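In this text, all values refer to a predicted model and were calculated from it rather than measured experimentally. Numbers here are sequence positions counted from 1.
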Amino acid sequence: MKSSEVDALVIDVLGTLVDEPAGITAGIRAFAPSLDEQTVLGLLELWHSSIDREQRRIVAGDRPYATSRVLDHEAAALVAERVGIDDPAAITRLAESAEHLPPWTDTVAGLAALAERFPLLGLSNASRSHLLELNFHAGLRWHQALSAEDARTYKPAPAVYELAIAASAVPPQRLLMVAAHAWDLRGAQNVGMRTAYVARPVGDPPSATDRFDFHAEDLTDLAGQLAASPD
């Protein structure tokens with residue numbers, strides 16, 4: 001695929017640009033400092049399982065839409081129940097750790113390099129207010145940021161990707177979806193978008209049957225690949 005075939009980049013946020021497990025793990029440690037590392041990792045898995053389960057229920061229509069902030073608070077409450085802490089203010093602070101996520105080391109420079117050549121649209125399952133806090137905390141640079149909240153569902157539901165198609169006003173085949181999650185890229189492919197996989201330690205790697213247009217080690221690598229295929 002040539003970069004001349006791309007009019008804009010649509011970039012996932014959670015996991016792709018920010019290290020979600022690191023931020024939540026830090027929140028759990030601050031919430032209950034006496035926990036050992038194995039217990040902390042188990043609570044992180046409990047949190048992620050809750051988010052994944054509830055988002056899937058919403059996409060399937062088994063639960064009315066709830067924002068990512070609501071789902072994070074539910075996950076934080078599960079963690080608190082597991083460790084026997086019932087302080088509402090402390091649980092709220094724990095939930096907010098999902099909004100204070102560190103960027104990957106290449107994120108800021110990589111976004112800047114990509115923004116020199118393409119319009120950048122962030123597309124996240126994070127709610128609008130959640131996304132605002134994420135962008136501020138991690139120093140993310142966008143031309144526009146889009147939230148799944150406007151579709152009242154979550155990726156990989158087609159309605160979320162269609163937000164980017166509508167915002168860019170270009171055909172889906174001229175949009176390049178960038179993500180560290182193969183399931184996210186498959187969702188983008190289902191609406192006709194092109195795809196770029198960026199490897200992250202916490203991502204969902206491609207299967208043997210996945211066919212994405214680009215495979216990159218990080219955002220800087222992706223920027224280099226796009227610059228090398230201009231025509």
Check step by step if side-chain contact (heavy atoms from CB on, under 4.5 Å) holds for W142 and N135.
CA-CA 9 Å; W142 302 112; N135 291 347; 3.0 Å; yes

With the side chain counted from C-beta on, respond yes when [X] and [Y] share a heavy-atom pair under 4.5 Å apart, and no when they do not.
X    : Y    : value
F214 : T195 : no
V18  : H137 : no
R152 : I58  : no
R117 : L226 : yes
R200 : D218 : yes
Y161 : L146 : no
E217 : L222 : no

Atom of P156, atom of G187 and distance for their closest heavy-atom approach:
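Closest approach of P156 to G187: CB-CA, 4.2 Å.
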
Can you check side-chain contact (heavy atoms from CB on, under 4.5 Å) on V178 and L219, steps first, answer last?
CA-CA 9 Å; V178 180; L219 292 186; 4.3 Å; yes

Verify same cluster id: V160, L121 (apolar side-chain graph, 4.5 Å):
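In one cluster: yes.
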
Shared hydrophobic cluster, F118 / M177 (ILVMFWY, side-chain heavy atoms < 4.5 Å):
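Cluster IDs for F118 and M177 differ.
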
salt_bridge([X], [Y]) N-O dist < 4.0 Å:
X    : Y   : answer
E99  : R69 : yes
E54  : R57 : yes
R174 : E5  : no

Main-chain N/O of [Y] paired with [X] side-chain donor or acceptor, under 3.5 Å:
X    : Y    : answer
T107 : P103 : no
S124 : V13  : no
H181 : L14  : yes
D184 : A179 : no

Can you see whether D19 engages W104 through a side-chain donor-acceptor pair at a distance of less than 3.5 angstrom?
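Note: D19 and W104 side chains miss the donor-acceptor criterion.
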
Please report the C-alpha distance between K155 and W183 in whole Å, then the side-chain angles of each, then the deciding distance to 0.1 Å, and finally whether the side-chain contact (heavy atoms from CB on, under 4.5 Å) criterion is met.
CA-CA 9 Å; K155 293 186 286 183; W183 63 261; 3.9 Å; yes

As an exercise, state the distance from [atom1] of [X] to [atom2] of [Y], rounded to the nearest 0.5 Å.
X    : Y    : atom1 : atom2 : value
R93  : H100 : CZ    : NE2   : 12.5 Å
L9   : L176 : CG    : CG    : 4.5 Å
S147 : L123 : OG    : CG    : 8.5 Å
W47  : I51  : CH2   : CD1   : 7.0 Å
S168 : M193 : OG    : CE    : 7.5 Å
T67  : Y154 : OG1   : OH    : 6.0 Å

Before giving the answer on side-chain contact (heavy atoms from CB on, under 4.5 Å), spell out for N125 and Q55 the whole-Å C-alpha distance, their side-chain angles and the decisive distance to 0.1 Å.
CA-CA 9 Å; N125 275 342; Q55 286 185 352; 3.7 Å; yes

Tell me every residue that passes side-chain hydrogen bond (donor to acceptor under 3.5 Å, both in side chains) with T16, counting only those two or more places apart in sequence or in another chain.
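side-chain hydrogen bond (donor to acceptor under 3.5 Å, both in side chains) check on T16 returns D12.
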
Which residues pass the side-chain contact (heavy atoms from CB on, under 4.5 Å) test with E37, sequence neighbours left out?
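Counting only residues at least two positions away or on another chain, E37 forms a side-chain contact (heavy atoms from CB on, under 4.5 Å) with R29, L41.
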
Partners passing side-chain contact (heavy atoms from CB on, under 4.5 Å) against P206 (at least two apart in sequence or in another chain)
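Applying side-chain contact (heavy atoms from CB on, under 4.5 Å) to P206 gives Y197, D210, F212, H215.
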
In this structure, are over 12 heavy atoms from other groups packed under 6.0 Å from [X] atom [atom1]?
X   : atom1 : answer
R63 : CZ    : yes
E81 : CD    : no
Y65 : OH    : yes

Hey, which of L140, V10, I11 is the one that makes side-chain contact (heavy atoms from CB on, under 4.5 Å) with L120?
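Looking at L140, V10, I11, the match for L120 under the side-chain contact (heavy atoms from CB on, under 4.5 Å) is I11.
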
Derivation of the side-chain hydrogen bond (donor to acceptor under 3.5 Å, both in side chains) call for S49 and E45
CA-CA 6 Å; S49 296; E45 178 58 31; 3.0 Å; yes

